Asker: 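After the structure tokens below, expect a handful of questions from me.
Side chains included, hydrogens not; waters and symmetry mates left out as well; all remaining heavy atoms used. What you see is a predicted model; the values in this text were computed from it and never measured.
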Amino acid sequence: MERMQDHASRPAGLNGGGQDILGRPLDRIDGPAKVTGTARYAFEGAPENIAYAAIVGAPVGAGTLIAIDDTAARALPGVLDVIHGDPRMPAGEANSRGMPALNSLHFLHFGQPVAVVVAESQQVATEAARLVHVEAEAAKGRWDPREQPVDRDAKIGFLPPIDIGDVDAALADAAVTLDATYTTPVHFPAALEPHATTAWWEGDRLIVRTSNQIAGAARNTIAQVMKIPPERVRVLAPFVGGGFGGKTAVGPEVILAAIAAEKTGRPVKIALPRRQTAYMVHHRSPTVQRIRFGTDADGHITTIAHESVASQNDGGSFLEPVPFGTLPLYAGAARRFRTDVIRVDLPETGAVRAPGEAIGTFAVECGMDELAETLGLDPIDLRRRNEPKVDPTSGKPFSTRRLLDCYDEGARRFGWPDRVPDPASVRDGEWLIGIGMAAALRGNFTVNSEARVSVLPDGRAVVETDMTDIGTGTYTILAQVAGEMLGLPIDRVEVRLGDSDLPASAGSGGSFGAGSAGSAVASACEDILAELGRRMNAAPEELRLRDGCVHAGARTVSLADLLRNGEPIVAHGKAGPGKESQRTSQASHGAQFAEVAVNAVTGEVRVRRLLGVFDIGRVLNAKTARSQLIGGMAWALAYALTEDGVVDPRTGRFVNPDFGEYHVAVNADVPAIEAHLIEEIDDSANPVGAKGVGELGIAGAGAAIVNAIYNATGVRVRDMPVTVDKLLAGLPPI
């Protein structure tokens, strides 16, 4: 059985009366496997006779390759091969558009892979890689984006420039204006699990166990680069230890492991060290963002412009969609949104958690705070006054939008005062205390996904899809969807993920995974309900399923008895963007609140409280949803205060490519964070009514912290992150 679910109707089994497990804060069903070590990640386990590899990177940030001398490396005991010169060897990461090749011996950036060493142990491979001598002719590189020309005509990225009305005229006529520029630095997608791959060949079929967010797309890319049919590639990613966008593409380590396994005839493992990860995995582009607002005397926005510049290398086609979250956020008839590009000789920039919104909200939400102060308005009041009735950029109606409720509930829970204290007016000893808030928004998408659901003769159900779980709770929520519709306790549902031989899904990324894959599972379950109805001589909507039994009127039959012939019921479900996704403007929304303390002597910033209230459509699992939001809020704290990928403009090398000096938030940095949910099922979003949650938490939280720092100190920092050196000179006297 196979069917495409129509958005216009919600699956009957989700309308209530099922197992009553959907939305509940159930523990992750994969939790025991993870804590006992039986969950197998990319670098763990492999066929016998494993070999290990280490990658040799380009020694200069720009220039050409002259020669590679591998004599010393080959002489080291335990070295199996030193591979270079293979035309399939990559120069960077790949996605569905292909992978840059190491062609014409020209370096795109420092650390670009030029050779791979294969050895009997990781220690030998790493030592031998150091012995490979790469001779290069260095050239002057484009390593400082501030010194490069801006290309205003580049046709890259998915968000075209938008101009509505006459922005300049509206600004000239406005009673109050704001014109401010904000900057954000390089950000790394620093996942806990390294970028790792184990590759081996079974006859002419390549098996790749890899840390990747989208197994099906990875299979196609690997096949393309290796020049073999996709059916001869199998990608396994049953457990992925975080990705944050950095594992949506196929990294060079994947292809190098496959080539090394082919040439040595042995399984090969590669795991990127942290310092190499910075060069072989894409990062978030630094940005310069100009925000302009024009309002009438009462604070109603008449014009808004969000114009930015982002970076990309010559091989990349992605462009950070900086104003993506600003497009539907506030009213204003005259509107301008654009992002221009600067070409640099650095590793590729790409999609990192909440591309666009994560950093675009720094500018627009700090700008709104500055505008509120100029107008003498409360920051929440200014936002309420400019809440649009329809999407102000597209003109489409909103599917659901509970942003005003998020403001109200957030203010109540946080204790937002009737009047915000004046900047630098609240003290606790030598600490200056401040509060701030910001809006959060993440666009919602539904992407083509498929799933197979089987009801077995013993009354259990099996869900199969190549969807991945990157720590987000996919195993659990898909079990909850199937269990709810089929009337099964969650321990009677088995979920199989992360195998490209299974039905193709959207994969994990863009906050579309849960809604898309969950809708495909729901579609398959709908067909199973139809078959059960036929066997019960009842319409599907007359059925009630609970605890492994099917009820129709006064009759009750167990699932096992309905499958007396011993044959499972198998259904194949599909879901994808429907007409509603084109008719309506869809997004998840939230309101972020922060309280900070800034030391008046040292400038040290401590975040005391973070609280967010969020509108995410149907809540599939309250615990995993809150966990995702809290994780995003913690990351936003690091964006606000510490994360800053620094490039040496003399060499094109990152100064801080590891966790020793690229400072992510740790437990000591993060207070008790609260994330609360407002639930309204969004039937327009997808059949399960859920909207994206994974990337929403990072949007706006950093801006709320920066706004709170201003309220505490009176120092307005527009260049992220807010470090001590940017505060000290402006701090008020003790």
Side-chain angles (χ1 to χ4, degrees), residues 95 97 142 144-165 167-168 171 178-187 189 245 248 282-293 303-330 332 334-344 346-368 391-394 441-443 445 509-510 585 587 639 645 647 695 698-700 702-703 718-720:
N95 48 42
R97 296 180 298 275
R142 301 166 296 174
D144 188 343
R146 296 169 298 182
E147 297 180 356
Q148 309 310 317
V150 176
D151 184 351
R152 302 191 185 280
D153 298 315
K155 306 300 183 189
I156 67 171
F158 68 85
L159 190 62
I162 296 172
D163 273 287
I164 300 174
V167 168
D168 296 326
L171 285 168
L178 174 80
D179 188 341
T181 298
Y182 305 83
T183 68
T184 62
V186 166
H187 290 144
T248 51
H282 70 242
H283 58 269
R284 195 193 298 277
S285 169
T287 65
V288 178
Q289 305 178 43
R290 184 187 185 191
I291 287 285
R292 289 183 289 169
F293 287 115
T303 183
I304 178 173
H306 193 170
E307 299 163 282
S308 308
V309 178
S311 299
Q312 184 56 281
N313 70 17
D314 287 337
S317 58
F318 175 88
L319 185 64
E320 183 78 22
V322 180
F324 194 56
T326 315
L327 300 181
L329 195 49
Y330 298 118
R335 313 173 70 77
R336 180 179 298 160
F337 308 98
R338 66 177 297 122
T339 304
D340 297 314
V341 66
I342 289 174
R343 293 291 186 178
V344 292
L346 294 170
E348 189 171 347
T349 63
V352 180
R353 193 175 193 175
E357 295 99 335
I359 55 173
T361 51
F362 272 114
V364 70
E365 290 303 293
C366 289
M368 285 291 283
D391 187 311
T393 300
S394 69
L441 183 143
R442 171 62 184 170
F445 313 91
S585 175
Y639 273 9
V647 177
E695 294 168 298
I698 198 172
R718 295 187 178 128
D719 300 312
M720 306 307 136

Asker: For the pair Val309 and Val341, evaluate side-chain contact (heavy atoms from CB on, under 4.5 Å) and give the outcome as yes or no after the intermediate values.
Answerer: CA-CA 6 Å; Val309 178; Val341 66; over 6 Å; no
Asker: Can you tell if the side chain of Pro355 reaches within under 4.5 Å of the side chain of Phe318, non-hydrogen atoms only?
Answerer: yes
Asker: What distance do Ile342 atom CD1 and Ser285 atom OG have between them, rounded to the nearest 0.5 Å?
Answerer: 8.5 Å
Asker: Can you find a heavy atom in the side chain of Ile304 that is under 4.5 Å from one in the side chain of Phe337?
Answerer: yes
Asker: Applying side chain to side chain donor-acceptor pair (under 3.5 Å), run through Ser394 and Ser585 and close with a yes or a no.
Answerer: CA-CA 8 Å; Ser394 69; Ser585 175; 4.9 Å; no
Asker: If you round to the nearest 0.5 Å, how far is CD of Glu348 from OG of Ser317?
Answerer: 7.0 Å
Asker: Measuring only between side-chain heavy atoms, which start at C-beta, is Pro328 closer than 4.5 Å to Leu441?
Answerer: yes
Asker: The criterion is side-chain hydrogen bond (donor to acceptor under 3.5 Å, both in side chains); which residues satisfy it with Arg292, sequence neighbours excluded?
Answerer: Glu307
Asker: List in chain and number order the residues that pass ring pair (Phe, Tyr, Trp, His ring centres under 6.0 Å) with His306, two or more places apart in sequence or in another chain; answer none if no residue qualifies.
Answerer: none
Asker: Checking Asp719 now: which residues fulfil salt bridge (charged side-chain N to carboxylate O under 4.0 Å, His left out) with it, not counting sequence neighbours?
Answerer: none
Asker: Under a 4.0 Å threshold between the charged nitrogen and the carboxylate oxygen, would Asp168 count as salt-bridged to Arg336?
Answerer: yes
Asker: Atom CG in Asp391, atom CG in Leu327: separation rounded to 0.5 Å?
Answerer: 7.5 Å
Asker: Which residues satisfy the side-chain hydrogen bond (donor to acceptor under 3.5 Å, both in side chains) test with Thr349, sequence neighbours excluded?
Answerer: Gln312
Asker: Nearest 0.5 Å, what's the OG1-CE distance between Thr361 and Met368?
Answerer: 13.0 Å
Asker: Could I get the full list of side-chain hydrogen bond (donor to acceptor under 3.5 Å, both in side chains) partners for Thr303, not counting sequence neighbours?
Answerer: none
Asker: For Glu320 and Gly356, indicate whether the former's side chain and the latter's backbone hold a donor-acceptor pair under 3.5 Å.
Answerer: yes
Asker: Is there a donor-acceptor pair under 3.5 Å between the side chain of His283 and the backbone N or O of Gly350?
Answerer: no
Asker: The criterion is side-chain hydrogen bond (donor to acceptor under 3.5 Å, both in side chains); which residues satisfy it with Arg335, sequence neighbours excluded?
Answerer: Thr393
Asker: Test of understanding: with side-chain contact (heavy atoms from CB on, under 4.5 Å), list the residues that count as partners of Pro189, not counting sequence neighbours.
Answerer: Phe244, Val281, Val352
Asker: If you apply the rule side-chain contact (heavy atoms from CB on, under 4.5 Å), what do you find for Asp314 with Arg142, and how did you get there?
Answerer: CA-CA 11 Å; Asp314 287 337; Arg142 301 166 296 174; 2.7 Å; yes
Asker: Would you please name every residue forming a salt bridge (charged side-chain N to carboxylate O under 4.0 Å, His left out) with Arg442, sequence neighbours left out?
Answerer: Glu357, Glu695
Asker: Of the non-hydrogen atoms in Gly367 and Leu178, which two are nearest, and what is the gap between them?
Answerer: O-CD2, 3.3 Å
Asker: Could you work out, with salt bridge (charged side-chain N to carboxylate O under 4.0 Å, His left out) as the rule, every residue matching Arg718, not counting sequence neighbours?
Answerer: Glu370
Asker: Is there a side-chain contact between Thr339 and Phe324 in this structure, where contact means two heavy atoms from C-beta onward sitting under 4.5 Å apart?
Answerer: no
Asker: Check step by step if side-chain contact (heavy atoms from CB on, under 4.5 Å) holds for Thr183 and Phe362.
Answerer: CA-CA 9 Å; Thr183 68; Phe362 272 114; over 6 Å; no
Asker: In chain order, what residues pass the ring pair (Phe, Tyr, Trp, His ring centres under 6.0 Å) check against Tyr639, with sequence neighbours excluded?
Answerer: His187, Trp635
Asker: Can you give me the closest heavy-atom contact between Thr287 and Ala310, atom names plus distance?
Answerer: CG2-CB, 4.3 Å
Asker: Return the OH to CZ distance between Tyr182 and Arg290, rounded to the nearest 0.5 Å.
Answerer: 12.0 Å
Asker: Could you give the distance from OG1 (Thr181) to CD1 (Ile291), rounded to the nearest 0.5 Å?
Answerer: 9.5 Å
Asker: Of the non-hydrogen atoms in Val167 and Ala305, which two are nearest, and what is the gap between them?
Answerer: CG1-CB, 4.2 Å
Asker: On a heavy-atom basis, which atom in Gly316 and which in Arg343 lie closest, and how many Å separate them?
Answerer: O-NH1, 3.1 Å
Asker: Is a side-chain donor or acceptor of Ser308 paired with a backbone partner of Gln289 at a separation under 3.5 angstrom?
Answerer: no
Asker: Flag the pair Pro392 / Tyr330 as yes when at least one side-chain heavy-atom distance between them is below 4.5 Å, and no otherwise.
Answerer: no
Asker: Are the side chains of Leu346 and Asn313 in touch, meaning some heavy atoms are under 4.5 Å apart?
Answerer: no
Asker: Can you tell me which residue pairs pass the side chain to side chain donor-acceptor pair (under 3.5 Å) test with a partner in residues 147-160, sequence neighbours excluded?
Answerer: Arg152-Asp340
